[in-house]
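When a ligand or atom number is given, it counts from 1 through the structure's own listing order.
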Amino acid sequence: MKKTALITGISGQDGAYLANFLIKKNYKVIGTDRRSARSDNWRLRRLKIDKKIIYEEMELGEIYEIERIIKKYPFSEIYNLAAQSFVATSFKSPLNTSNITGLGTLRILETIRNINSKIKFYQASSSEMFGDVLNKFQNEKTPLNPQSPYAVSKVFSHYITKNYRKSYNMFAVSGILFNHESPLRGEEFVTRKIVRGLVKIIKNDLKVLEVGNINAKRDWGYAKEYVEAMWKMLQQKKPDDYVISTGNSYTIKEFINLTTKYLNLETKWVGKGIKEKLINKKNNKILIKINPKFFRPAEVNFLNGDCSKAKKKLKWRPKTDLKKLVKIMVDDEINYYKY
Ligand code: GDR
C-alpha cells in the first residue's frame, strides 16, 4: 500500500527536494505551509512536482490546524521542515521564531501522541545548535551552545523530540543537518546570495554585492543528498539522532573565491576588516564589499560536522564537494537567470 507522508514547509528548499524524493519512492505527499508562503511554489514547479502534491494550509502556531490535518490523512511519516529558518531574522523576531521553530515542534509531537503515536516523526535539527564551538568536529555527542534565538528554538525542538521518544516510546528522531545548499536555496542565505549577486554583476544588473562576516566557516553539503538521509533515519529499526555533514569546512571568503574562479573572473582581495573588498582585476571595479549591517549580534564562527554515525548506521555519505556544489549552483543560476 502507498505510504502517506506529511512535509511541513513544503515550499522551502528541503521540502521540495524531499517531496521529489518521496514521490519517486511512490509516497503520497501532503505538503503544508503557512498561509503567506502558499503561492510561492517555484521550487516545486522547478522540480516538476507541483501537481503531484496535495497542499494544505497549516500554521504551526495553531494546534487545531495541526490536529485537523493529522486526523484527515493516514500518515505513516511526518517530516517537520517548517521553521522561521533565517538566523539573522531570528534576532529581529525572537518571539515568532520561538513560537514556530520551537513550540511548533511540540504542537506536532503532542498531536501525534494524541491521535496516533505510531506515526514516525522527523525533526529538522540544525548544526546552528552547536553554536560557539571549541572542538574541531561536531557530532551527536558534542555539547550544544546556541548563539541565536533560532538556534535556541532548534535546541528546544531537538530535546523535546528526544523527550517524546523516551517518554512515550514514539519513533521521533532528529537529523542534525549542517548547512546544505543548492540552486533552490533562498536568496537571503549566503551561498545563493553570493552566486546570484556575482551573476547579476556579470549581467550588469548589480554594481556591488554587499556581505557580512566573510571569515565565518561552514560545512556546506548538497541539499538534494541530505533529504535522503532524513528518509533513511525513519527507515531504521530504532529511532535515533544523526549528524549529516561533509566533514569539510570553508570560510565564506573561500566560497566567494571558488565562485569567482568558476565564473572566470580574475579578482584580488584588498584592505582589511570591514574595509576588505574584492576587486575585478580587469577593470579595477569593486565586486564585493563588507557591510556591517549583515553582521549578527552573536556569530557562529566555525562549524565542521563528523557524520561517521550516519555513514556507519544509515550507509549514507556525502557525494558532492564544495567545488562541485558551486558549479551546480552557478550553472543553474545562469540557466534560469532570465526567469
Ligand atoms: P546559517 O546560514 O546562518 O549558517 O544557517 P547563512 O547562509 O545565512 O549564513 C552562513 C554564514 O555566512 C555569514 N554571512 C552572511 N550570511 C548571510 N545570510 N548574508 C550575508 O550577506 C552574509 N555575509 C556573511 C553569516 O554570518 C554566517 O556565518 C543556515 C540556515 O539554513 C539554518 O536554517 C540552518 O539550520 C543552518 O544553515 C544549518
State the atoms of ligand 1, each with its element, that fall below the 4.0 Å cut-off from a heavy-atom position in [X].
X	value
R185	29 (C), 30 (C), 31 (O), 37 (O)
V87	3 (O), 5 (O)
N213	13 (C), 14 (N), 23 (N), 24 (C)
L177	38 (C)
S85	30 (C), 32 (C), 33 (O)
A216	28 (O)
E299	25 (C), 26 (O), 27 (C), 28 (O)
F86	8 (O), 18 (N)

Side chains of [X] and [Y]: is there a donor and an acceptor less than 3.5 Å apart?
X	Y	value
Q13	S182	yes
Y164	E110	yes
T161	Q123	no

Residue part near ligand 1, for K193, under 4.0 Å between non-hydrogen atoms: side chain

Check against salt bridge (charged side-chain N to carboxylate O under 4.0 Å, His left out), E77 and K120: CA-CA 5 Å; E77 294 169 11; K120 292 179 177 179; 5.4 Å; no

What about [X]: any of its N or O atoms under 3.5 Å from an N or O on ligand 1?
X	value
T191	no
G212	yes
S127	no

Neighbour count >12 (heavy atoms, 6.0 Å) for atom NZ, K313: no

Give a yes/no verdict on whether any heavy atom in [X] is under 4.0 Å from an atom of ligand 1.
X	value
Y150	yes
I214	no
A88	no

same_hphob_cluster(Y150, F91) at 4.5 Å side-chain heavy-atom cutoff: yes

Nearest-neighbour protein heavy atom for [atom], which is reported as residue plus atom name and distance:
atom	answer
atom 6 (P) of ligand 1	R296 NH2, 3.8 Å
atom 1 (P) of ligand 1	N179 ND2, 3.7 Å
atom 15 (C) of ligand 1	V190 CG2, 3.4 Å

Validation row, ring centre W231 to ring centre Y79 under 6.0 Å: no

Would a 4.5 Å heavy-atom cut-off, applied to side chains only, mark [X] and [Y] as touching?
X	Y	result
S157	T101	no
K193	L209	yes
K72	E56	yes
Y168	L109	no

Audit row: R107, E62, salt bridge (charged side-chain N to carboxylate O under 4.0 Å, His left out) steps and yes/no: CA-CA 8 Å; R107 290 189 188 97; E62 302 294 345; over 6 Å; no

Selection from F178, F189, F302 by shortest heavy-atom distance to atom 30 (C) of ligand 1: F189

